[in-house]
Amino acid sequence: MSKTLLMFKTFNKRIIRRNSGYLAFLIALIVLLTIYDIHNLHIVKTLPHILGIYIATPMIFGVLYSSMVASVFIEDKSSGLLEFLMASGIDSKWLIDMYIISYLILAIPILTVISTLFSVSMGNPRFLIELESNALGTSLLIISPTLYVSSLQKNAGRYPVSVYIGVAIMFIYLSLSNYKFMNTAPLYVGILLVILSLALTLSLRKRQRPEHLLP
Amino acid sequence: MPEIVLDGVYTGYGKVEVLSDLNLKVYNPGAYVVLGKNGAGKTTLLRTLSGVLRPIRGFVKINGKLSFASHTHALPQDLRVLEALEFFKDLIGGNVEDVVRIFGLNDLLQKKISTLSMGQKRRVSLAKSFLIKADVYLLDEPTDNLDPIWASNVRKVVFNLSKEKIILYTTHNLYEAKDLATHVILLDKGRIKLSTPIDKLNTGRYDIGIKASGDLSKILVGEYRGEYFVLSVSDPSGVNRIIQHVTSQGIQIYEVREMGNPLEDLLK
């Protein structure tokens, strides 16, 4: 088994074990919100700005799931597990990549399913790409700074500032999504978001130093 | 041949310099016990040697495969012991059966790590660090939280390894350090104050405790500490003369042992 696959498998096993109740709540919430959104489709279709409404469900998933990933990361940092892995010759940047990849491996299919459901319900295939690019961009925009800020916190368990980053990004995005420009060119906004979030991820990755991962 | 070389090393965290101008050469196998007060830089030294911390200046060289045991448990709490050891084996290599036997983990294998006691977690933590057969072992307070039996077992493991490998071992337990050390490295305020074979440490004063059948305070100058009558000599060969003197008085000697620890003076 490759190291990446091993890390992903172990990571998700841990996520499920430590957050089984929270995870069940999250899935139930996303399913209910999706059903609610589809049910209200006939009303929503008459509104000029629909991106802000449909992006909310995938974003809530991104924020809540990123908080679970951050909690595992914070524990691994404070328990010295990351220190041990680095001392065993594993690169610190690769370790951070593993958390982001593990997050995205679960996030992307779920976001795709939600986006597909919405676009099928609207009878507009273009909406799938528009929604998916926006959801993916914001998810990556949430997880990267969340992990980076967690790594800078000395007592992250006591006051997990990083978890609120996702909430702040979500509210900023939802506020902006009511503006006309967000809805006239949602695909461009989505692509821009993906590029911006990738640039941010690479930039934070570059700034990450091994001592940030020490307990 | 395994070796450790530190040449003019300065290191720390961000802009905070913790260790300054470290120079150390270790070529021979042995137990090199690193001593120092809290904050002296023992953990930082091991982190620098392990490669986790990069030196700000200077040069670090380690020849040979390295194993590191931090003073934290460094375990994934949500996994069972066997799952965790298999995870580490897949990631860094090694043999799970060997460490399970050495650290007596058979009864714990199916238990979740978060449910273990601190001492049990320490054993699992050490097991993961001993998975690979290394040339250089960096052990940061490895007997912390262990009961006396397991602390003694771990010391035996370390002692046996030290015949062929280089072991750098930090501890606050000076009796453990004295039992185990072939060399002592003393850190003080981020600098290496002393690095010497332990048998070269000579404080010029030895506290000897004698357990005997009679009251020794009537015939020797010293004081009782519990069952032992403790007196000081400047030369260990003086003990023979004292024993002869005591037995000539018709007092039977049950035990003679060194009460003081020369390492205590180093930390004062």
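Since the model is a prediction, treat every value here as computed from it, not as a measurement.
Taking the ring axis of B:Phe103 as reference, the NZ or CZ atom of B:Arg123 does not stay both within 45° of it and closer than 6.0 Å to the ring centre. Figure legend: cation-pi geometry between B:Lys165 and B:Tyr137 absent, as NZ or CZ is not positioned both under 6.0 Å from the six-membered ring centre and within 45° of its axis.
For B:Leu53, the part sitting under 4.5 Å from any heavy atom of chain A is the side chain, from C-beta outward, and nothing else. Contacts between A:Leu213 and chain B at a heavy-atom distance below 4.5 Å are absent for every atom of the residue. Within the 4.5 angstrom heavy-atom criterion, only side-chain atoms of B:Glu83, from C-beta onward, approach chain A. Of the two parts of B:Leu91, the backbone and the side chain both hold a non-hydrogen atom closer than 4.5 Å to a non-hydrogen atom of chain A. Heavy atoms of B:Ser67 lying under 4.5 Å from chain A are absent altogether. In this structure, the portions of B:Lys128 lying under 4.5 Å from any heavy atom of chain A include both its backbone and its side chain.
Between B:Lys133 and B:Asp98, at least one side-chain nitrogen of the basic residue sits less than 4.0 Å from a carboxylate oxygen of the acidic one, meeting the salt-bridge criterion. Salt bridge absent: B:Arg191 and B:Asp188 never bring a charged side-chain N and a carboxylate O closer than 4.0 Å. Note on B:Asp78 versus A:Arg18: salt bridge recorded, some NZ/NE/NH1/NH2 to OD/OE distance being below 4.0 Å.
For residues 89-107 of chain A, a heavy-atom distance under 4.5 Å to chain B picks out A:Ile90, given by residue number.
Between atom CD of residue A:Glu130 and atom CD1 of residue A:Ile191 there is a gap of 9.5 Å, rounded to the nearest 0.5 Å.
Between chain A and the residues B:Gln77, B:Lys112, B:Lys65, the most heavy-atom pairs under 4.5 angstrom are made by B:Gln77. Most heavy-atom pairs under 4.5 Å with chain B: of the set A:Lys13, A:Arg14, A:Met86, A:Glu211, this distinction falls to A:Arg14. When each of B:Ser50, B:Gly51, B:Pro76 is scored by its heavy-atom pairs under 4.5 Å with chain A, the top score falls to B:Pro76.
No donor-acceptor contact under 3.5 angstrom links the side chains of B:Tyr169 and B:Glu141, judged on distance only. Donor-acceptor pairing under 3.5 Å is recorded for the side chains of A:Ser151 and A:Gln208.
At least one donor-acceptor pair under 3.5 Å links the side chain of B:Ser129 to the backbone N or O of B:Phe68.
For B:Tyr13, the OH atom counts as densely surrounded, since its 6.0 Å shell holds more than 12 non-hydrogen atoms of other residues, nucleotides or ligands.
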